[in-house]
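Below is one structure, written out as structure tokens; comments come after it.
Computed from a predicted structure; not experimentally measured. Just so we're on the same page: letters track the sequence lines, and every chain starts at 1.
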Amino acid sequence: MMAAARTRMFPMRDYDLAATLTSGQVFRWQRHESGWIGVIGKRWVRLQADPSSIVAETAEPVADWGWLADYLQLELDLKTVLRTFPDDEPMRAALTACRGLRLLRQDPWECLASFILSSTKQIPQIRQIVSLLCERYGEALAVPEGRAPTCAFPAAARLAQASEGELRACKMGFRAPFLLATARKIAGGEFDLGRVQTLPVEAARAELMTLPGVGRKIADCVLLFACGCSHAFPVDVWVQKALRQLYFPRQRVRLPRLHQFAASHFGPNAGYAQQYLFHYMRLLRKRQVCLS
DNA sequence: TACCAGGAGAGCG
DNA sequence: CGCTCTCATGGT
């Protein structure tokens with residue numbers, strides 16, 4: 001048994017931490033000097049990546065780092081996942097552009113709440129809303145000496161006590177009543193997020209979609225980013241654009257057909273492939289990738 | 001200024 | 001069923 005320590009080095013290859021933390025699956029990580037500072041559960045965490053390892057630092061000594069290995073999915077063999085992607089031109093381009101991109105394993109409530117806030121918002125705005133929410137409703141956390149104070153993501157029970165007006169003051173606009181109603185269903189025990197994780201994907205999706213403000217896309221985000229359903233394939237405006245442009249050029253294809261195509265074309269880790277397409281499209285827009 | 005953003009839900013024919 | 005409109009807010 002290793003002694004409890006505040007830092008730990010994990011040997012790791014093929015892990016692009018920057019791409020992973022900025023690819024629109026999580027909204028709280030901040031680049032700081034040469035590393036990343038964020039919160040996992042009720043722990044302040046700093047991550048530092050180099051080509052062969054990830055070094056983690058916490059505020060208080062840790063004996064069992066399993067929670068971090070789980071969050072970062074350190075034991076996942078990326079090459080095995082990538083081999084299940086279809087060998088077509090769009091995927092090859094996305095793979096080249098996004099080498100080392102990973103999927104995290106998030107807390108279901110934080111993921112659900114964050115994506116309820118995500119609808120028709122740009123990622124920097126989602127980050128701002130989530131930041132305000134944590135600052136105003138989250139539990140204060142221990143941080144190392146000299147570090148800025150930070151808070152946990154607020155529990156459903158805490159948000160359930162807020163008023164719609166207070167939530168709107170966090171700049172979430174028309175999403176406020178959705179988040180509030182969902183928080184109250186979960187806090188009141190009317191909806192069991194833990195049980196959803198034990199259901200087959202289709203049943204879990206249907207269950208999630210009974211929550212206010214949760215449609216197909218947000219349900220799929222929770223399934224993929226928090227429940228480990230690597231087949232779940234969230235289709236947002238960017239992924240729609242990617243699928244239409246790359247796979248159905250000059251055709252009129254409706255959303256249900258895109259879902260059907262995605263489910264059959266991208267294999268058992270379709271959701272993983274989806275994240276590569278999403279990130280690839282964003283890199284293209286920012287012109288940070290070569291087209292040829 | 002006009003348009004768009006990791007959508008969902010309601011109303012319409 | 002398929003389409004359109006609305007819902008806040010901030011960025012380009």
Side-chain angles (χ1 to χ4, degrees), chain A residues 19-29 94 98 101-104 106 108 110-133 136 162-185 191 205-227 229-230 232-246 251-260 262 266 270-288:
Chain A
T20 300
L21 298 181
T22 63
S23 65
Q25 47 180 321
V26 278
F27 304 101
R28 296 202 64 194
W29 289 94
C98 309
L101 176 63
R102 304 268 186 151
L103 287 185
L104 301 167
Q106 300 181 48
E110 175 170 348
C111 183
L112 170 63
S114 297
F115 277 97
I116 286 175
L117 300 175
S118 77
S119 70
T120 50
K121 277 291 182 196
Q122 297 181 130
I123 290 171
Q125 292 180 260
I126 303 167
R127 294 170 56 87
Q128 187 194 15
I129 297 169
V130 169
S131 172
L132 283 171
L133 203 59
R136 295 180 185 180
S163 71
E164 183 183 319
E166 288 168 343
L167 292 184
R168 280 180 185 268
C170 296
K171 306 188 177 185
M172 65 184 75
F174 62 82
R175 303 155 195 84
F178 291 148
L179 179 61
L180 185 56
T182 288
R184 287 183 174 166
K185 281 185 87 167
F191 190 95
R205 179 186 295 121
E207 196 68 16
L208 285 166
M209 288 174 67
T210 66
L211 290 168
V214 181
R216 172 70 188 259
K217 190 268 175 182
I218 291 174
D220 280 337
C221 284
V222 175
L223 291 171
L224 180 62
F225 300 139
C227 299
C229 302
S230 60
F233 195 99
V235 181
D236 75 314
V237 290
W238 285 103
V239 173
Q240 278 189 51
K241 197 171 299 181
L243 294 178
R244 293 202 166 101
Q245 226 165 297
L246 302 172
Q251 295 179 54
R252 228 180 95 254
V253 186
R254 278 188 269 271
L255 187 55
R257 169 112 190 260
L258 293 180
H259 276 123
Q260 188 185 343
F266 291 99
Y272 230 100
Q274 172 276 156
Q275 197 65 12
Y276 273 71
L277 287 176
F278 178 76
H279 194 59
Y280 176 52
M281 293 303 281
R282 292 187 68 218
L283 291 176
L284 281 180
R285 185 188 52 166
K286 292 190 288 187
R287 301 169 216 277
Q288 286 177 359

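Judged by distance alone, with hydrogens and angles left aside, the side-chain atoms of A:Gln128 form no donor-acceptor pair with the main-chain N or O of A:Gln125 at under 3.5 Å.
Residue A:Leu180 contributes atom CG, which lies 17 Å from atom C1' of B:dA8 at whole-angstrom precision. Separating the CG atom of A:Leu117 from the P atom of B:dG6 is a distance of 14 Å, rounded to the nearest angstrom. In this entry the distance linking CZ of A:Arg216 with C1' of B:dG9 reads 17 Å, nearest Å. A:Leu255 has its CG atom 14 Å from the P atom of B:dG9, to the nearest Å. Counting to the nearest Å, the C1' atom of B:dG6 and the CE atom of A:Met281 are 13 Å from each other. Taking atom CD1 of residue A:Ile129 and atom C1' of nucleotide B:dA5, one finds them 11 Å apart after rounding to whole Å. If you measure from atom CD1 of A:Ile123 to atom P of B:dG7, you get 10 Å, rounded to the nearest angstrom. We find that CG of A:Leu21 is positioned 17 Å from C1' of B:dG6, with the value rounded to whole Å.
Within the nucleic acid shown, A:Gly24 comes within 4.0 Å of at least one base atom, counting heavy atoms only. When heavy atoms are screened at a 4.0 angstrom cut-off, A:Thr120 is found touching base atoms of the nucleic acid. Across all strands, A:Leu211 comes closer than 4.0 Å only to sugar-phosphate atoms, never to a base (heavy-atom distances). A:Phe225 comes within 4.0 angstrom of a base, heavy atoms only. Counting any heavy atom pair closer than 4.0 Å across all strands shown, A:Lys217 reaches a base atom. Across all strands, A:Ser23 comes closer than 4.0 Å to base atoms (heavy-atom distances). Counting any heavy atom pair closer than 4.0 Å across all strands shown, A:Val235 reaches no nucleic acid atom.
Side-chain proximity of A:Ser119 to B:dG6, B:dG7, B:dA5: nearest is B:dG7.
The phosphate of B:dA5 has OP1 or OP2 within less than 4.0 Å of a side-chain N or O from A:Lys241.
Remark: A:Ala219 engages A:Arg205, A:Leu208, A:Met209, A:Val214 in a side-chain contact (heavy atoms from CB on, under 4.5 Å) (not counting sequence neighbours). Listed by chain and residue number, A:Phe178, A:Ala181, A:Thr182, A:Lys185 satisfy the side-chain contact (heavy atoms from CB on, under 4.5 Å) test with A:Pro212 (two or more places apart in sequence, or in another chain).
Boundaries of the chain A contact region on DNA chain C are C:dC3 to C:dG11, first to last in 5' to 3' order (nucleotide atom under 4.0 Å from a heavy atom).
The nearest heavy atom of DNA chain B to A:Gly213 and to A:Val239 marks one nucleotide each, and the one closer to the 5' end goes with A:Val239. Nucleotides of DNA chain C nearest to A:Pro256 and A:Met172 differ in position, and the one nearer the 5' end is that of A:Pro256. Between A:Cys221 and A:Met209, the residue whose closest nucleotide on DNA chain B is further toward the 5' end is A:Cys221.
The distance from atom NE2 of A:His279 to atom OG of A:Ser23, rounded to the nearest 0.5 Å, is 6.0 Å. For the atom pair A:Lys217 NZ and A:Leu255 CG, the distance stands at 12.0 Å (nearest 0.5 Å). For the atom pair A:Leu112 CG and A:Leu179 CG, the distance stands at 8.5 Å (nearest 0.5 Å). Considering CZ of A:Arg244 and CZ of A:Arg252, their distance stands at 10.0 Å, rounded to 0.5 Å.
For A:Gln240 and B:dG7, a side-chain-to-base donor-acceptor distance below 3.5 Å is absent, hydrogens and geometry of angles not being considered.
Per the stacking criterion (ring centres < 5.5 Å, plane angle < 30°), A:Phe278 stacks onto the base of B:dG6.
For C:dC5 and B:dG6, the P atoms lie 23 Å apart once the distance is rounded to whole Å. Using atom P as the reference point in both B:dG9 and C:dG10, the two lie 24 Å apart (nearest Å). C:dT4 and B:dC3: their P atoms are spaced 16 Å apart (whole Å). If you take atom P in C:dG11 and the same atom in B:dA8, they sit 23 Å apart, rounded to whole Å.
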Exercise for the section: Please assess A:Leu211 against A:Ile218 for the test side chain to side chain contact (heavy atoms under 4.5 Å, CB included), listing each intermediate value before the final yes or no. Expected result: CA-CA 10 Å; A:Leu211 290 168; A:Ile218 291 174; over 6 Å; no
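Close placement of the A:Phe27 and A:Phe115 rings is indicated, their centers lying within 6.0 Å of each other.
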